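A short worksheet on the structure shown next.
Model, not experiment: these values are computed from the prediction.
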2 protein chains.
Amino acid sequence: MSGGEFNSWQSVQAEVLRRINAREWKPGDFIPNEAELAIEFGCARATVNRALRALAESGLLDRRRKAGTRVSLNPVRKATLDIPVIRYEIEGKGQTYRHTVLTQERAVPPSGIQARMQVEQGIKLIHLVTLHLADGKPYVFGDRWINPAAVPGIEAADLTVKSANEWLVANIPFEGGDFSFSAITAGPREAEILACKEGEGLFVIDRSTWNKGLVITSVRLTFAPGYQMHTKI
Amino acid sequence: MSGGEFNSWQSVQAEVLRRINAREWKPGDFIPNEAELAIEFGCARATVNRALRALAESGLLDRRRKAGTRVSLNPVRKATLDIPVIRYEIEGKGQTYRHTVLTQERAVPPSGIQARMQVEQGIKLIHLVTLHLADGKPYVFGDRWINPAAVPGIEAADLTVKSANEWLVANIPFEGGDFSFSAITAGPREAEILACKEGEGLFVIDRSTWNKGLVITSVRLTFAPGYQMHTKI
DNA sequence: CAGGTTTTTATGTATATACTTATAGTCCAA
DNA sequence: TTGGACTATAAGTATATACATAAAAACCTG
């Protein structure tokens, strides 16, 4: 034992990874505890802790107090994906960005939205339909509901200049958000707005964000055919 | 100054978050350095470091040596999503899981797969089409290519018992993976396998995983209509 | 003043030590 | 045999200290 050349948490992490990959430690196995590993690696326990904590965060190890650390049995892989602002996404591809507001109104939301946003029945919300274009071609359109009670200042904002999303990101802090990703079949409305055929499969992101218990906004982004969201582990 | 009640990195993190949300520190602003915050909060610099590091990892702060720490200008929100094993996903909903192998063959892959998997032209790979069912109904089907050179033992495995994915997860370590999410329009083949109508929008995950420079497997999962992938920030 | 060198500084990390906390396991009593 | 109390243990965290490292800023020098 006591190799003694492990003097950074990254090197400890690499060695632990190596052992997992080499199946010296198999899925489900308990690995030695921090104190033992610290002795073996010739470093402080805090260094081992740092390495193992990072691996646990990425889902490769399961750690529980008193129980110990084990190699994940069913490694629920955690992919982290960046939720970009659409303008940056388009500009990042070297295309020119433009957006137009198709409709803007105050209206009582349909019951699905009303429930999702947890507002009382009959309350009017801001309803905004916008189209984002890349090099002049439809890229994605957003059907968005905003709760004005949760967004001071929204009434005064000119959302034709900055998109609603950008305005909200810049002006309203938020605690969290729900995302769901799915596919829909293009109906007449989607086909017209996105200039695609009826019956095409379209990628959809539904998102709501909230702050201090209030749902700020709920939006459905419907992307033009061919859109891909990409990520790596 | 020197409030002095911040004695855990979580409480420091909460206070920093509060200041960001309250716009005491605005996007783009530099915040005081670790040493100053440690004095103000009445804790050790390591504690401040732990709190700020976590916030930086989640994308809310930008940190650079010597330059300092600032509130992110365009907070690229990072959502982490769990990539589940399909069986667990189905069983987690209380449904019964079953899977069938539709076809299994060794074949030269089409050029797209061949390029993606970085194998030489003309090399035969294992091609596997499987259908996963929830409560007897089609849930998702997988069109998978496996590089046998990267997967010792796959020839001997009986993939009709355990699904290919489960077998691979349990037996072959991997370093990383590419994921992409998109929507397709159901053609005759998809409609038949998934028992849906032609022309419906279907959610699709394309994934390849690799280890030691070799692409192990590349799979396209095509989900039955209505599938949603969910995540929170 | 351009270009390179040195200094300064804020974050990054390692370590020993001490204490906290969750909890698996054990023990005991009803 | 069950269920609650106790205990031992492994991870989790805080702290002071020291040093490493990247990079901005200041300083030369030709």
A:Pro32 vs B:Ser8, nearer the 5' end of DNA chain D by closest nucleotide: A:Pro32
How many whole angstroms separate atom [atom1] of [X] from atom [atom2] of [N]?
| X | N | atom1 | atom2 | result |
| --- | --- | --- | --- | --- |
| A:Glu36 | D:dA10 | CD | P | 7 Å |
| B:Asn49 | D:dT13 | CG | C1' | 14 Å |
| A:Asp62 | D:dA10 | CG | C1' | 15 Å |
| A:Arg53 | D:dA14 | CZ | P | 10 Å |
| A:Ile39 | D:dA10 | CD1 | C1' | 14 Å |
| B:Arg70 | C:dA10 | CZ | C1' | 14 Å |
| A:Leu37 | D:dG12 | CG | P | 13 Å |
| A:Phe30 | D:dA10 | CZ | C1' | 11 Å |

Please say which of A:Tyr88, A:Phe223, A:Tyr97, A:Tyr227 ends up in a ring pair (Phe, Tyr, Trp, His ring centres under 6.0 Å) with A:His132. A:Tyr97
More than 12 foreign heavy atoms under 6.0 Å from CZ of A:Arg98: is that the case here? no
Do B:Thr130 and B:Arg144 have a side chain donor and acceptor closer than 3.5 Å? no
Check the side chains of A:Gln95 and A:Tyr139 for a donor-acceptor pair under 3.5 angstrom, ignoring hydrogens and angles. no
Below 4.0 Å: OP1/OP2 of D:dT13 and any side-chain N or O of B:Arg50: yes
Side-chain N or O of A:Thr69 versus OP1/OP2 of D:dA10: is the shortest distance under 4.0 Å? no
In terms of heavy-atom contacts, A:Ser58 and A:Leu55 come closest through OG-O, 3.0 Å
Does a side-chain N-to-carboxylate-O contact under 4.0 Å join A:Glu34 and A:Arg63? yes
salt_bridge(B:Glu40, B:Arg19) N-O dist < 4.0 Å: yes
Which letters describe nucleotides 15-24 of chain C, given B = protein heavy atom under 4.0 Å from base, S = only from sugar-phosphate, - = neither? BS-B--BBBB
Counting the atoms with a prime plus P, OP1 and OP2 as sugar-phosphate, which does B:Gln10 contact under 4.0 Å by heavy atoms, base, sugar-phosphate, or nothing? sugar-phosphate
